[in-house]
Structure formats: C-alpha cells, structure tokens
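Worth knowing before you read on, the calculation uses all heavy atoms, side chains too, and leaves out hydrogens, waters and symmetry mates. Quantities reported herein were computed from a predicted structural model and do not represent experimental measurements.
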Amino acid sequence: SYASLEQIYFDGPLHWIILSAPLVLGSVFAYFEKVVRKREQTLQHQKAAVNNEMNQLQSFIEDVARGDFSDKPYEFENKELAALLVSIKSPLIAQQEEEKRARWIAEGHAKFGELFRQTNDLDALAFDVVKNLIQYTGLNQGAVYIHERHEQNGDLLIQRACYAYN
C-alpha cells in the first residue's frame with residue numbers, strides 16, 4: 001500500500017537517492033554537454049580565424065613571390081605580423097622600382113647605341129634619335145638643333161630634325 005511505500009522511503013534514504021539519481025545525473029550531464037558544446041564552438045571559431053589568417057598569409061607570400069606589390073587588403077588579427085609584412089614589402093617595392101629603372105636605362109643605352117652605329121648621315125641620325133627618344137620616353141614631340149658657327153651670321157642653332165605625335 002501507499003503507507004508502506006511511504007515508510008520504506010522514510011526509513012531508508014538510499015531509496016530517495018536511487019529515485020532521484022536519474023534526474024540529478026541527467027541535469028549534470030546536460031550541463032557538461034552545454035559546456036563542451038560551447039568549448040567546441042569556441043575552438044571551431046578559433047580554428048576558422050587561424051585558417052583565414054594562414055590563407056591570407058599564403059596569399060601575401062605568393063603575391064610577393066610573383067612581384068605583385070599592389071595594395072591588396074590583407075587583414076591580420078595579429079597586428080605585429082601585419083606590421084612586419086608591410087615592413088618586408090617596402091624594401092622589395094623599392095628594389096623592384098630600382099631594377100625597373102636600371103633595365104629601362106640599359107635598354108635605352110642599347111637602343112641608342114645601335115642607332116649611332118648604324119647611321120653615318122647627320123640628318124638621318126638626328127631624325128632617328130629624336131623619333132626614338134620621343135617614343136621611348138613617351139613624350140609628344142621633340143627636335144634636334146645643331147650649333148653651327150658662321151662667319152657672316154655668327155653662332156646659329158639649326159634644326160636638323162623634329163618629330164611629333166607619331
């Protein structure tokens with residue numbers, strides 16, 4: 001009967017513990033599951049952030065290896081790393097510009113040296129030099145004047161060649 005069942009629970013507290021154990025253990029396990037899930041989400045977020053930063057770092061390194069020093073937006077959570085990468089990039093940009101300038105000068109020397117070797121006529125040489133100089137430097141127009149000294153007219157500048165707009 002109900003009274004005897006009530007007596008069993010009053011006499012032996014172990015029965016209360018056994019009866020309430022599933023409820024208590026279920027609550028404890030639910031709490032730990034919540035803690036573990038939250039920790040897993042935090043770790044997944046951190047992993048995604050690290051993967052994103054590594055992908056950006058890899059992209060930065062590939063761009064530098066290709067000589068692409070454009071201002072692409074790289075966003076690193078580690079500000080010290082970002083500053084270090086920018087400081088690495090600056091001297092490389094300067095070096096690339098210096099190499100480009102030196103190559104442009106060397107090509108120009110070779111081009112004009114060849115012109116001087118090929119032509120013996122002063123007027124043809126003047127025209128070839130001014131034409132190639134205008135095209136090589138990207139200017140619009142130019143002219144070559146030769147200084148000549150005449151007994152009757154004195155010192156004169158005589159135009160030997162001119163070139164404009166192709």
Side-chain angles (χ1 to χ4, degrees), residues 13-121 123-145 159-166:
L14 183 62
H15 292 293
W16 283 107
I17 293 174
I18 292 172
L19 189 62
S20 62
L23 181 62
V24 171
L25 289 176
S27 298
V28 168
F29 287 138
Y31 171 76
F32 281 123
E33 179 185 16
K34 184 178 177 182
V35 169
V36 168
R37 283 186 195 270
K38 187 174 182 179
R39 179 69 180 148
E40 284 179 356
Q41 288 175 348
T42 302
L43 290 175
Q44 288 294 334
H45 176 69
Q46 288 174 346
K47 179 183 174 186
V50 167
N51 283 341
N52 181 39
E53 197 152 296
M54 283 297 156
N55 289 338
Q56 287 193 39
L57 183 59
Q58 181 179 357
S59 176
F60 178 87
I61 292 170
E62 289 171 352
D63 289 346
V64 169
R66 280 194 316 270
D68 179 8
F69 299 114
S70 60
D71 291 333
K72 291 183 182 176
Y74 299 104
E75 295 182 20
F76 296 103
E77 288 183 25
N78 185 339
K79 299 303 177 193
E80 293 170 358
L81 175 63
L84 177 64
L85 292 175
V86 168
S87 72
I88 289 171
K89 196 180 205 183
S90 297
L92 293 174
I93 292 171
Q95 181 181 6
Q96 183 184 41
E97 290 298 319
E98 182 60 32
E99 287 174 2
K100 190 185 297 183
R101 183 178 168 275
R103 186 173 44 252
W104 185 81
I105 290 171
E107 288 171 0
H109 280 190
K111 183 175 192 165
F112 288 101
E114 186 65 29
L115 283 176
F116 287 119
R117 281 190 293 278
Q118 290 178 350
T119 308
N120 291 332
D121 179 27
D123 290 331
L125 178 62
F127 179 76
D128 287 342
V129 166
V130 75
K131 176 185 173 192
N132 283 289
L133 185 62
I134 296 302
Q135 290 173 344
Y136 194 70
T137 58
L139 298 173
N140 292 328
Q141 59 188 357
V144 173
Y145 292 89
Q159 182 180 349
R160 291 291 186 154
C162 63
Y163 184 83
Y165 308 106
N166 292 328

Task: Sequence neighbours excluded - ring-ring contact (aromatic ring centres under 6.0 Å, His included) pairs with any residue from residues 23-66 - done: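 As it turns out, the ring-ring contact (aromatic ring centres under 6.0 Å, His included) pairs with a partner in residues 23-66, which skip direct neighbours, are F60-Y74.
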Task: Qualifying ring-ring contact (aromatic ring centres under 6.0 Å, His included) pairs, either residue in residues 91-120, two or more places apart - done: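 Every ring-ring contact (aromatic ring centres under 6.0 Å, His included) pair that includes a residue of residues 91-120, provided the two are not neighbours, is W104-Y136.
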Open item on the list: Looking at every heavy atom in both V144 and A126, which two are closest together, and how far apart are they?
Closed with: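 Taking every non-hydrogen atom into account, CG2-O, 3.7 Å.
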- [ ] Could you pull out the closest heavy-atom pair between G67 and Q96, with the gap in Å?
- [x]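 Residues G67 and Q96, closest heavy atoms: O-NE2, 3.0 Å.
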Open item on the list: Treating N55 as the side-chain partner and N51 as the backbone partner, does any N or O pair qualify as donor plus acceptor under 3.5 Å?
Closed with: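 The answer is yes, because a donor-acceptor pair under 3.5 Å joins these two groups.
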TODO: Could you tell me whether the side chain of E53 and the main chain of E77 form a donor-acceptor pair under 3.5 Å?
DONE: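 Yes; at least one donor-acceptor contact below 3.5 Å.
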From [X] atom [atom1] to [Y] atom [atom2], the distance as rounded to the nearest 0.5 Å:
X: D123; Y: D128; atom1: CG; atom2: CG; value: 11.0 Å
X: N132; Y: T137; atom1: CG; atom2: OG1; value: 10.5 Å
X: E114; Y: T119; atom1: CD; atom2: OG1; value: 9.0 Å
X: N140; Y: I134; atom1: CG; atom2: CD1; value: 8.0 Å

Is it true that atom [atom1] of [X] has more than 12 heavy atoms of other residues, nucleotides or ligands lying nearer than 6.0 Å?
X: Q159; atom1: CD; result: yes
X: N120; atom1: CG; result: no
X: R37; atom1: CZ; result: no
X: K131; atom1: NZ; result: no

Task: E62 side chain to Q58 side chain, donor-acceptor N/O pair below 3.5 angstrom - done: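 There is such a pair (donor and acceptor under 3.5 Å, judged by atom type) between the side chains of E62 and Q58.
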TODO: Could you note down all residue pairs passing salt bridge (charged side-chain N to carboxylate O under 4.0 Å, His left out) where residues 101-113 supplies at least one of them, sequence neighbours left out?
DONE: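 Qualifying pairs: E98-R101.
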Task: side-chain contact (heavy atoms from CB on, under 4.5 Å) assessment of K47 paired with V50 - done: CA-CA 5 Å; K47 179 183 174 186; V50 167; 5.8 Å; no
Open item on the list: What I'd like to find out is whether the side chain of L57 reaches to under 4.5 Å of the side chain of L85, using heavy atoms alone.
Closed with: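 Yes. Closest side-chain heavy atoms under 4.5 Å.
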